[in-house]
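Because the structure is a prediction, the values reported are computed rather than measured.
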Amino acid sequence: MNIALIAHDRKKETMVNFTIAYKDILEKHNLYATGTTGLRIQEGSGLNINRFLSGPLGGDQQIGAKIAEEDMDLVIFLRDALEAQPHEPDIQALIRLCDVHYVPVATNLASAEIFIKAIERGDLDWRSVRKTDMFK
Ligand SMILES: O=C(CO)COP(=O)(O)O
């Protein structure tokens, strides 16, 4: 399964700790991240991450493109809801595309933990069916 991991600056430590805590699950999947988040995860957890550009430089849009192409199965986006981001339109666009394409998206740690356990149980296995059938 393809999983995107994104965190705003004040949530990056939480993201790193999350990936360390769930490394045994995450390492079975293809992991993608925006630039700085990906670097921090790699350094902190040792997980292998496919890194895009930093968010403000277009990384959210690059992940959005994968969502639009039905090539992303889960997005964990630990947003900072208390600080304005210069690239807010990109963030909104990414989340909008998750809704358009039925991609589960967790925007805080509590929902991220539920999704990661759901993946382990196989609750998101329907994604592979959608990928092959829906956009033929
Ligand atoms: O800004 C981001 C998401 O909107 C994250 O980008 P970085 O991972 O490069 O900090």
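- A donor-acceptor pair under 3.5 Å links the side-chain atoms of K12 to the main chain of A7, judged by distance alone.
- Contact record, G55 with D90: O-OD2, 4.3 Å, taken as the closest heavy-atom pair.
- For the pair R51 (side chain) and A33 (backbone), a donor-acceptor distance under 3.5 Å is absent.
- Using a 4.5 Å cut-off on side-chain heavy atoms (C-beta onward), L97 and I95 make no contact.
- The shortest heavy-atom contact between L94 and D60 is CD1-O, 3.5 Å.
- One hydrophobic cluster holds both L109 and F115 under the rule that ILVMFWY side chains link at heavy-atom gaps under 4.5 Å.
- Closest of all the heavy-atom pairs between I20 and G44 is CD1-O, 3.5 Å.
- Under a 3.5 Å cut-off, the side chain of K23 and the backbone N or O of L47 do not form any donor-acceptor pair.
- V16 and Y22 are members of different hydrophobic clusters when ILVMFWY side chains are connected at heavy-atom separations under 4.5 Å.
- By the 4.5 Å heavy-atom criterion applied to side chains, L31 and N48 are not counted as neighbours.
- Using a 4.5 Å cut-off on side-chain heavy atoms (C-beta onward), M1 and L74 make no contact.
- Residues forming a side chain to side chain donor-acceptor pair (under 3.5 Å) with R10 (at least two apart in sequence, or on another chain): D80.
- Within the 4.5 Å cutoff, side-chain heavy atoms of N2 are placed close to those of D71.
- Residues Y102 and R127 come closest through the heavy atom pair O-NH1, 2.9 Å.
- For the side chain to side chain contact (heavy atoms under 4.5 Å, CB included) criterion with I3, the lone passing option out of L124, V75, L26 is L26.
- Side chain of Q42 to backbone of I49: a donor-acceptor contact under 3.5 angstrom is found.
- Between the Q62 side chain and the L53 main chain, a donor and an acceptor come within less than 3.5 Å of each other.
- Residues I76 and F18 have side chains in contact (heavy-atom distance under 4.5 Å, counting atoms from C-beta outward).
- Under the 30°/60° scheme for interplanar angles, the aromatic rings of H87 and H8 are found to stand perpendicular.
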